[in-house]
Trainee: 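Okay, here's the structure, questions in a sec.
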Amino acid sequence: MTVENCGNDVEFPAEPGRLVLLKSAPVPALHALGVLDRAVARAGAYPEEYYDDATRAELAAIPQLTGSTDTGGHLQISKDAVLAQEPDLVLGEVESLPRSSLAGLGVPLLEEPALCTSGRPEHPGFEDVYAQVEAYGRVFDREDRAREVVDGLRERVEAVRRETGAHRSGDAGAGDGDASGEAEDRSDAASDRSGDAAPRTAAVLYPTVGGGPVYAYGSQSMAEPQLEAAGLENAFADVGDRVVEVTPEELAGRDPDVLILLHSDGDPAAVRASLDLIPGAGSLTAVRRGDVMVQLLNYTEPATPLAVDGLERIAARFGP
């Protein structure tokens with residue numbers, strides 16, 4: 001079997017039986033398909049908050065190779081450490097172990113499409129979540145199970161849209177569409193919502209804990225469709241990038257009604273406190289009203305089943 005991933009044709013001479021995980025993003029899909037127990041090693045961080053008890057138990061049984069990262073938070077692991085596990089599939093590409101270094105040894109690598117350096121979806125959406133689950137279903141010969149998982153995810157997204165008034169006619173059959181159609185529909189989301197009131201604006205930010213640069217997620221991030229489905233309007237929807245650094249002045253000028261602060265690990269309280277270090281943050285509408293939410297990064301990025309969990313969390317906190 002050959003599948004396309006990050007602009008590369010990845011060949012599988014047989015169904016993979018020995019997996020090495022270098023990122024946490026594939027975990028929910030692998031668990032849902034019943035193949036997470038094929039992982040023989042893992043590296044990096046796997047915050048327990050993401051997972052249910054069954055998934056945590058499966059992860060605990062997988063030996064941890066390393067959690068070492070550089071100053072930029074990038075996983076540091078050697079090729080020899082990975083090859084010693086005799087993998088027939090590596091999941092997640094890291095700077096110290098690029099795809100090219102494994103390809104010559106006949107070891108395939110799959111990355112989440114939203115994390116690809118090339119071939120990344122221009123406007124990711126929930127259809128990309130479904131497509132990647134189905135791709136894993138083909139690789140692991142679990143296509144029937146993948147369809148069941150996708151049906152469940154799709155219904156959860158539609159349930160939130162109905163609750164928030166973001167449901168668009170025809171979405172129930174969105175399985176015949178694609179992510180580009182989903183992106184086109186987003187531009188009309190505000191007028192499609194029930195009621196006459198304009199939707200609240202929201203900004204999804206990644207602040208530097210302890211003070212420093214603040215990053216905002218634009219139209220090429222999963223934050224865009226997630227906010228739309230939650231009945232909110234991305235305050236940075238006009239930014240044609242996945243994520244950009246923003247100044248305090250720009251944040252104040254957009255003055256979102258809701259703030260969602262993302263972080264990779266650590267204490268959520270420290271992430272929330274970092275917001276107060278931004279000059280002028282106290283005058284933001286979201287801060288004055290207490291409409292600030294902190295959640296882990298993978299609940300929004302990349303486009304995985306965890307983004308559906310994140311959508312439900314946002315809708316529960318800032319619902320209609």
Side-chain angles (χ1 to χ4, degrees), residues 21-28 42-52 55-56 59 64 67-76 92 94-95 112 114-115 124 202-218 220-227 230 232 234-236 239 241-248 250-251 254 256-279 281-282 284 286-287 290-318:
L21 297 169
L22 301 185
K23 290 182 182 177
S24 62
V27 168
R42 61 188 173 100
Y46 298 78
E48 290 193 353
E49 183 183 335
Y50 286 136
Y51 313 116
D52 59 20
T55 306
R56 284 194 286 267
L59 283 171
Q64 175 91 13
S68 176
T69 60
D70 61 16
T71 55
H74 302 111
L75 177 68
Q76 297 296 291
V94 296
E95 288 188 358
E112 298 296 315
L115 299 179
V204 178
L205 306 178
Y206 196 107
T208 300
V209 174
V214 178
Y215 301 91
Y217 288 83
Q220 293 191 24
S221 72
M222 193 61 198
E224 177 84 358
Q226 191 178 57
L227 292 177
L232 301 166
N234 187 3
F236 289 88
V239 175
D241 293 292
R242 175 176 172 265
V243 61
V244 295
E245 184 176 345
V246 296
T247 64
E250 185 172 11
L251 184 59
R254 295 175 186 262
D257 300 308
V258 166
L259 284 175
I260 298 168
L261 309 181
L262 302 181
H263 67 117
S264 298
D265 55 23
D267 183 8
V271 180
R272 174 61 185 84
S274 68
L275 178 63
D276 296 327
L277 300 177
I278 301 173
L284 294 173
V287 175
D291 286 336
V292 180
M293 176 181 182
V294 179
Q295 69 176 6
L296 287 164
L297 173 64
N298 289 164
Y299 280 128
T300 292
E301 284 271 299
T304 74
L306 282 177
V308 178
D309 294 340
L311 167 63
E312 292 173 334
R313 293 162 65 95
I314 293 170
R317 174 68 174 82
F318 303 111

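Residues: numbered from 1 along the sequence shown.
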Trainee: Using every non-hydrogen atom in the two residues, find where P248 and P279 come nearest and quote the distance to one decimal.
Mentor: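 Smallest heavy-atom distance, with atoms named: CB-O, 3.6 Å.
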
Trainee: Would you say D257's side chain and L232's backbone share a donor-acceptor pair under 3.5 angstrom?
Mentor: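 Looks like no, no N/O pair under 3.5 Å.
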
Trainee: For Q226 and A307, which heavy atoms make the closest approach, and how far apart are they?
Mentor: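 Here Q226 and A307 meet closest at NE2-O, 3.0 Å.
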
Trainee: If the condition is ring-ring contact (aromatic ring centres under 6.0 Å, His included), which residues does Y50 pass it with, not counting sequence neighbours?
Mentor: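 So Y50 forms a ring-ring contact (aromatic ring centres under 6.0 Å, His included) with Y299.
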
Trainee: Using the test side-chain contact (heavy atoms from CB on, under 4.5 Å), find all partners of D276 that sit at least two apart in sequence or belong to another chain.
Mentor: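 In terms of side-chain contact (heavy atoms from CB on, under 4.5 Å), with neighbours along the sequence ignored, D276 is linked to R272.
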
Trainee: Set out, in order, the CA-CA distance, both residues' side-chain angles and the distance that settles side chain to side chain contact (heavy atoms under 4.5 Å, CB included) for L277 and L275, then state yes or no.
Mentor: CA-CA 5 Å; L277 300 177; L275 178 63; over 6 Å; no

Trainee: Can a donor-acceptor pair be found, under 3.5 Å and without considering hydrogens, that links the side chain of R42 to the backbone of Q64?
Mentor: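 Pair absent, no side-chain N/O of R42 close to backbone of Q64.
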
Trainee: Which residues satisfy the side-chain contact (heavy atoms from CB on, under 4.5 Å) test with A114, sequence neighbours excluded?
Mentor: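 With neighbours one apart ignored, the set is P302.
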
Trainee: Which pairs count as salt bridge (Lys or Arg N to Asp or Glu O under 4.0 Å) when at least one residue sits in residues 301-310, sequence neighbours excluded?
Mentor: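 Residue pairs passing salt bridge (Lys or Arg N to Asp or Glu O under 4.0 Å), neighbours aside: R156-D309, R242-E301.
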
Trainee: Show the nearest heavy-atom pair for residues A303 and M222, with the distance to one decimal.
Mentor: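 That would be CB-SD, 3.8 Å.
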
Trainee: Should L261 and M293 be marked as a side chain to side chain contact (heavy atoms under 4.5 Å, CB included) after you check the CA-CA gap, both sets of side-chain angles, and the distance that decides it?
Mentor: CA-CA 6 Å; L261 309 181; M293 176 181 182; over 6 Å; no

Trainee: Looking at CG of L296 and CD of E48, how far apart are the two atoms once the value is rounded to the nearest 0.5 Å?
Mentor: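 Answer rounded to 0.5 Å: 11.5 Å.
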
Trainee: Between OH of Y46 and NZ of K23, what distance do you get to the nearest 0.5 Å?
Mentor: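 Those atoms lie 10.5 Å apart.
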
Trainee: Please report the interatomic distance CG(L306) to CD(E49), rounded to the nearest 0.5 Å.
Mentor: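 Separation between the atoms: 10.0 Å.
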
Trainee: Can you tell me how far CD of E245 sits from OH of Y215, rounded to the nearest 0.5 angstrom?
Mentor: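 Those atoms lie 5.0 Å apart.
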
Trainee: Going by the rule side-chain contact (heavy atoms from CB on, under 4.5 Å), which residues pair with A43 if we only count those two or more places apart in sequence or in a different chain?
Mentor: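 side-chain contact (heavy atoms from CB on, under 4.5 Å) check on A43 returns L22, L65, T66, L75, I77.
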
Trainee: Search all heavy atoms of P124 against all heavy atoms of S221 and return the closest pair with its distance.
Mentor: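 So the two residues come closest at CG-C, 3.7 Å.
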
Trainee: Output the distance between atom CD1 (I314) and atom CD (Q295), rounded to the nearest 0.5 Å.
Mentor: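 One gets 5.0 Å once the value is rounded to the nearest 0.5 Å.
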
Trainee: For a side chain to side chain contact (heavy atoms under 4.5 Å, CB included) with L262, tell me which candidate from V271, L205, V204, N298 qualifies.
Mentor: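 Single pass found, and it is V204.
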
Trainee: Does either side chain, that of Y206 or that of S264, offer a donor lying less than 3.5 Å from an acceptor on the other one?
Mentor: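 Checked: Y206/S264 side chains pair up, N/O donor to acceptor below 3.5 Å.
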
Trainee: Is the backbone N or O of L297 less than 3.5 Å from a side-chain atom of T300, with the two atoms forming a donor-acceptor pair by type?
Mentor: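 Answer holds: no.
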
Trainee: Can you name the residues that form a side-chain contact (heavy atoms from CB on, under 4.5 Å) with A270, not counting sequence neighbours?
Mentor: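 Here the qualifying residues are V209, D267.
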
Trainee: Can you name the closest pair of heavy atoms from A216 and V246 and give their distance?
Mentor: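 A216 and V246 have their closest heavy atoms at CB-CG1, 3.7 Å.
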
Trainee: Got a second to check how far D291's CG is from R317's CZ, nearest 0.5 Å?
Mentor: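 Here the rounded value is 5.5 Å.
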
Trainee: Please report the closest heavy-atom contact between S24 and P28, naming both atoms and the distance.
Mentor: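 Where S24 meets P28 most closely, the heavy atoms are O-CD, 3.9 Å.
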
Trainee: Would a distance-only check, ignoring hydrogens and angles, find a side-chain to backbone donor-acceptor pair under 3.5 Å from T208 to P213?
Mentor: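 Such a contact is found between T208 side chain and P213 backbone.
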
Trainee: Taking the side chain from D241 and the backbone from V244, do they hold a donor-acceptor pair closer than 3.5 Å?
Mentor: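 No, because the side chain of D241 does not come within donor-acceptor range (under 3.5 Å) of the backbone of V244.
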
